[in-house]
Every structure is written in structure tokens, then in C-alpha cells.
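Taking it in order: structure first as C-alpha cells, then the write-up.
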Amino acid sequence: MKTLVVAEKPSVGRDIARVLKCGKRGEGFLFSDEYIISWAVGHLVTLCDPEDYDKELKKWRIESLPIIPSDIKTKVITDTKKQFNVLKKLMNDKDVSEIVCATDSGREGELIFRYIYNLVKCKKPFKRLWISSMTDSSIKDGFANLKDGSEYDNLYLSAKCRSEADWLVGINASRAFTLKYDALLSIGRVQTPTLAILAERQKEINEFVPKTYWEINAVFDGYKSVWIDLKENDSKIFGKEKAFSIADEIKGKQGGVTSVENKENKQPPPFLYDLTELQRECNRKYSFSAKQTLGIAQDLYEKRKLITYPRTDSRYLSDDMIPKIKSTLSKINSVEQYREFSEYVVGLEKLPLGKRIIDNSKITDHHAIIPTDTKINIMALSDAEFKVFDLIVRRFLAVFYPQYIYNTTKIITTVDVHNFITKGTTIIQEGWTVLNIQSRNDKKEEDTLPNVKKGDSVMNEASEAVEKQTVPPKMYNEANLLSAMENAGRFVDDESLKEQLKEGGLGTPATRAAIIERLLQVGYIQRKGKTLIPTEKGMKLIEVVPPELKSPETTGKWEKGLSSISKGKMGDERFMGSIKRYVNYLVEQSKTSIKRVDFPKDERNLKKGGKRITVLGKCPKCENGEILENSKSFYCTNWKRGCKFSLWKNCIENYGKTITAKDAKTLIKERKIINSDITLPQTGEKCAGDIILKDDNSGSVEIVNLQRKREN
């Protein structure tokens, strides 16, 4: 009898097979006398489409909403059916006595395995491999400590609820509002409130009216100072005459130092990285998108085996990690590039393992992202991989360094009744900042401060009123949008809800990158340099949807609910009941809303890789995808979900005709091109004929009504 191990990806399957010494090959699996190692290719199973329940539901009609199946079913994804069948056969093989779930150790990985396991109707017992790094030693330790699969039932229920909730809200809301406004509108449980954050900021910027103000700069005995209203703690003067009057009034006058305040500030090392913080830092320092950072981190975890599991929401380590820490530090110390920093930590008599580093209560599925205790070959890394790895190494070393300590000095100089402020910083102890891991404005620059004390007389050497303007709020970039998604509670006024939302932001660290990419894909936002800007369509969508659909409060409470399900504190029926009530409400709102907004046409231009892509129309096969062009054909954007529409450019080249984008657009809209020039392949005769899109909507065409052209 054998044990079947199911990994999430072929590459991970091969790593496990190597460790378990499975060197024999089969079709879609590796094996030995004891183990069979096979894999998914990401998701092999997806939720059924509405038309899978009832063919009539393929047509988008308001009368058919809401679509709420009593039992939400799954089906095989067409493109990966071959590998699904491999797993189906292996799971039900009489020689397989036990199964090990070795998909990614997280909510989505659990869902991938369970969907397959349930759809093949497997009843065999299974165990769970739960590891935080892909090193050989971690894989061996994981197999030595397999856990019963039932221990992760709540995690599966949480993942299942997330998947079904997104399907119910997305299918019903997208259809309801698309039909209401006659524009293809994609609406999501998480993507819409995320869009609302961007739209609200854009609205503030659009409505912003700049105001002119003045600041007064002065110089006293060689040091610079700025006029300040001490009561309001503000240096702005909104009156030109007043500003120039003060500047003239103090010129050449003697003043005095009325206050010198020194304050010692201590800044402890930053916490270790979770995925969201790593994505923020990479966006700030290197302009990497959240998706790009996640991809690089996943490669460092899976392929390079240099970091621990990246899709984590924790910034702490568990106490069972303590023995690994010294081993990891030793590996880092062997790299010349880090030795000047690592030698300090390695040389400590005792590591400062306080609650800022080790805290079991702050860990759910996985600990913070740290380097693994494996051999480091810096030269093997790409430039992008090195940048991400370097941040993780430096952050790991920094947590063991002393605090950054600096003095801030505030000097108030007074001339007559006018006060001027001078601020400065003096570094006392660089501490962890020597690792140079902070972003540009985190560390204070040391200033040259005047050697003055309270009561000293000083002379004004120069004064000037400088005209300035107030500036609008800054546009979001990915770094601060990720922060806004993580801290959705700050957009809520109710204090009790703010507390609740600390546990439930918009999405999870593992899904936030995909949400941002989805908003870009459907044309609701666009990138401009580092910033993310809502499009006209995105702004108008937020105008028409009900408050609950765009509220971080609603989605945040659901994320908290999903977290509670995974911890066994809430039943899945209760959660899904609230989702179904919400879906009914959304459909009713779309029917009764009297808001009238005209959306830009769906035939929009998208940007991808710097090139402009024209949407040619709605897919005639699946009816909700969009038709785009590539080098060889015109295809549906839902191809990953199994839509097989494909109109090949060379499909009738034997007849001397290549299908152009204009032709494709006509065929999609009118289903035929009348009186097109045709050349008969057998004789070379010039003809005219009608090109017809076949009724199966696969993208195949035929030529009818051929007529020979008369030669003049």
C-alpha cells in the first residue's frame, strides 16, 4: 500500500519527491515503493456557473435574480482536466491507503485540496503537511510531524465560505448593475470597497481648491527660523499684508531666545515582515507592484528556498523557532555582504528575544517572513530577487539591534510679540538604522543647531515673506493603498466597529495584490507612474452602488467573520446566511435605485505592458467575457475559466481573406459580414460572399452566398 502526496504545483511536488526519494516517473506523478507524489496546477476545480444549474441562467435577465443555489456545486476547470483525472485515478486507487495534503499551508491551499478531494468523492483518510519553508530539513520535519486532516476543517470552511460569498456577491451584483446601467460592470465583495477608497480620495482631489498663504523665514545670528502661531501651532499666514508687515517689522531688530526644549526619542527596531509590509516596502523603495513582490517572494520560498512562507499576516515568531534563529544567523554571517552587520548579532551573549519578536499569541497559520537556515548564494539571484531577499535579511538582523535614539531640539526665538521656531535633530545612537533598511523619511537627518540657551539675545539678520499654496491630498500608490486595505477600520466612524475591524481589513495579505490587479484589469483604475488613479468608469460605479457595497465596514466585518470560522468561533451557516440576505438586498437596491448615470462605452482602451488593447465586444459564447486581440486570434478574457471562444485570424486565409479587428468586431456584433471579397482556393476566381459566425459561438465561421464577380 502507498501514500499519495498532493502538492499545489509541479515544482513543489518535485521538491517533495526528491526529499522522499521518489525517482520513478508516471503520467502526472512521481513515485517510489512507499509514496506517490502528484500535484494540482493551482486550482483544478472551480465553482459552477449559473448556467450549470439552469441553461436559462446563461442569459442575463433581472427577473432571474438573485441567483442563490441551495447547494453551491463545483466542477472541473476544462484547461486542467487532464491533471484532475490523474488525481482522481490516484485518490481512488485501491493501492493508495492514505493521502497527504501538501498544498500551500494556508486558506487557499486548503481549498484547492478539499475541492479536488470532495469532487472525486474520495473517502480515504488524509493527513496535513504544514510547513513554513521549502528547505529539505523543513520538508523532512513536516513529514515526521503530519497532522490529521480534520484539524484543518475550520480552515477549509473559512476558505469555502470566502469562495462562495465572492461568487454570490460577484454574480448577482455584477449582473444586476450591468442590466440596470447597460454597461458591463464587474462588482466584488472586496474589490468594490477597495475601489471606493481610491474614488473617495480622487473626489477630495477634484474638489480641492488651493489657497494662497505666506510663511516668514528669518535668520538670527546665523541660524534659520520660521514664524509660528504658538496657540494654533501653525506657520501659515492667510493674509499677504499681515505677512509682509511682520517681516518688515522684525528686520534688524534684537530678539531673545525664550525657550529651548530638548527631548530624547527612542525608536525600537521595526517588526519582522508580514506579506503586506514587505509589499509596501518594495513599492516604496523599488516601485514593485504588490503582485510583483508576491511573485518574487514566492520564488524565493519555493525555488530558492531562502525565505519562509511569504503569504503570512503575522510579524512575530513562535517560541519553537528559537533554536532555528542561531542557525539562520550563522548562515547569514557566512555571507561577506552581511558580515559587518551580522557579526554584532552573532557576538551577543544572549539574543534579545522579547515580545516584539517572539509571541505565540500573535501567530495564526504562519510566523513572520524570515530567511531560512540554508546556504545562501547571492550570485544566483536575479536583481529583483536580491532586492527582496536583502530587505528580509536586513529586517531580520535589525530586530536584534539596539534602539535608534535621537534628540529633538525646539528653539523659540521672540522679537516683540512675534515667535519663530527652529527645529533640529541630534543622533545619539544609530542602533538598528545602521542596516539602512528604513525608507527615506523614517530616519531623521542630523542638523547643525545653534549653540544658544534660554535668555540669550540674538539679532535678526534677515526676514522674508514667502508665498505658498495649500496642496491637495496625495493620490494613492500601492504602498499606501495596501495600508488602507489592511487598516480598513480607520474609514469607519463608529468606535466599537473600529475595534472589531482591527482583525478584518479588506482582503488578506495573500489576496490584496490580486484585488488591485483585478481593478486594473477591468478598467476601474489605471497606473500613472507610482500612483493609482480611478477611471471615469470606476468613479461612476462608486456613485451608483449602495453604501453597503462600497463600505470597508461591511467587508471588514466579513473578513473578521471568516477569521472566526477558521478559529472555530463562528458557524459557516451563520456567515453564509448573512451573505444571502446581503445578496437579496443588493438585487433589490439595483431594481429600485433611481440614480441615472451614463457609463463610458465598454469598447474601451486598456493598457497592458505599455500597449493599448481595444475591447471588441462582449463574448457571444459565455456572454460576460470581453473579446481582445492577440497576434493570432481574437479571444475571450474568460479563457482561464474555460470559455473556448477563439476567432482565428487565418481561419479563411485559403479564401484570400484574413480576419481583421474590424471584421471581428462586426462578426461579434452583427454575426455576419455581407458581400466580402473572396478568392476561390481551387480556381483563384474572384468572388463575393457572406462570412457567418457559426451558431455554436465557438468562433468558427463559414462562407455562404458565394457569387462570382463579372470581369469588365
I'd like to know if the side chain of Asp390 pairs up with that of Tyr338 as donor and acceptor (distance under 3.5 Å, no hydrogens or angles considered).
yes
Phe271 ring centre to Arg315 NZ or CZ under 6.0 Å, with the angle to the axis within 45°?
no
Under the ring pair (Phe, Tyr, Trp, His ring centres under 6.0 Å) rule, what do Tyr115 and Tyr117 come out as? Steps first, then yes or no, please.
CA-CA 6 Å; Tyr115 271 176; Tyr117 180 85; over 10 Å; no
Looking only at non-hydrogen atoms, find the nearest pair between Cys101 and Glu110 and report the distance.
SG-OE1, 4.4 Å
Could you pull out the closest heavy-atom pair between Lys266 and Ile405, with the gap in Å?
CG-CG1, 4.0 Å
Would you say the ring centers of Phe126 and Phe113 fall short of 6.0 Å from each other?
yes
Can you tell me how the ring of Phe288 sits relative to the ring of Tyr286, calling it parallel under 30°, perpendicular over 60° and tilted otherwise?
tilted
Check ion pair Lys303-Asp15 (N to O, under 4.0 angstrom):
no
Would you say that Lys127 contacts Lys147 through its side chain, given a criterion of any heavy-atom pair below 4.5 Å between the two side chains?
no
Run the numbers on Glu98 and Lys2 for salt bridge (charged side-chain N to carboxylate O under 4.0 Å, His left out), then give the verdict.
CA-CA 7 Å; Glu98 186 180 68; Lys2 293 186 179 183; over 6 Å; no
Are the side chains of Lys160 and Arg114 in touch, meaning some heavy atoms are under 4.5 Å apart?
no
Would you please test Asp383 and Lys387 for salt bridge (charged side-chain N to carboxylate O under 4.0 Å, His left out) and show each step?
CA-CA 6 Å; Asp383 180 60; Lys387 284 174 177 173; 3.2 Å; yes
Sequence neighbours excluded, which residues qualify as ring-ring contact (aromatic ring centres under 6.0 Å, His included) partners of Tyr152?
Trp130
Of all heavy-atom pairs linking Gly28 and Ser38, the shortest is O-OG, 2.8 Å
So do Val260 and Thr409 actually touch side chain to side chain, heavy atoms under 4.5 Å?
yes
With the side chain counted from C-beta on, respond yes when Ile516 and Lys291 share a heavy-atom pair under 4.5 Å apart, and no when they do not.
no
Please name the pair of heavy atoms, one in Ala297 and one in Pro310, separated by the smallest distance, quoted to 0.1 Å.
CB-CB, 3.8 Å
Which atom of Pro371 lies closest to which atom of Thr328, heavy atoms considered
O-CG2, 3.4 Å
Heavy-atom check, side chain of Asp274 versus side chain of Ser314, under 4.5 Å
no
So Arg128 and Thr103, side chain to side chain contact (heavy atoms under 4.5 Å, CB included) or not? Walk me through it.
CA-CA 9 Å; Arg128 191 44 158 119; Thr103 50; 3.5 Å; yes
Heavy-atom nearest pair, Gly42 first then Ile112, reads O-CG2, 3.5 Å
Within-4.5 Å side-chain heavy-atom neighbours: Arg512 and Thr276:
yes
Are Val12 and Ile16 side-chain neighbours, meaning at least one heavy-atom pair lies under 4.5 Å?
yes
Residues in ring-ring contact (aromatic ring centres under 6.0 Å, His included) contact with Phe29, at least two apart in sequence or another chain:
Phe31
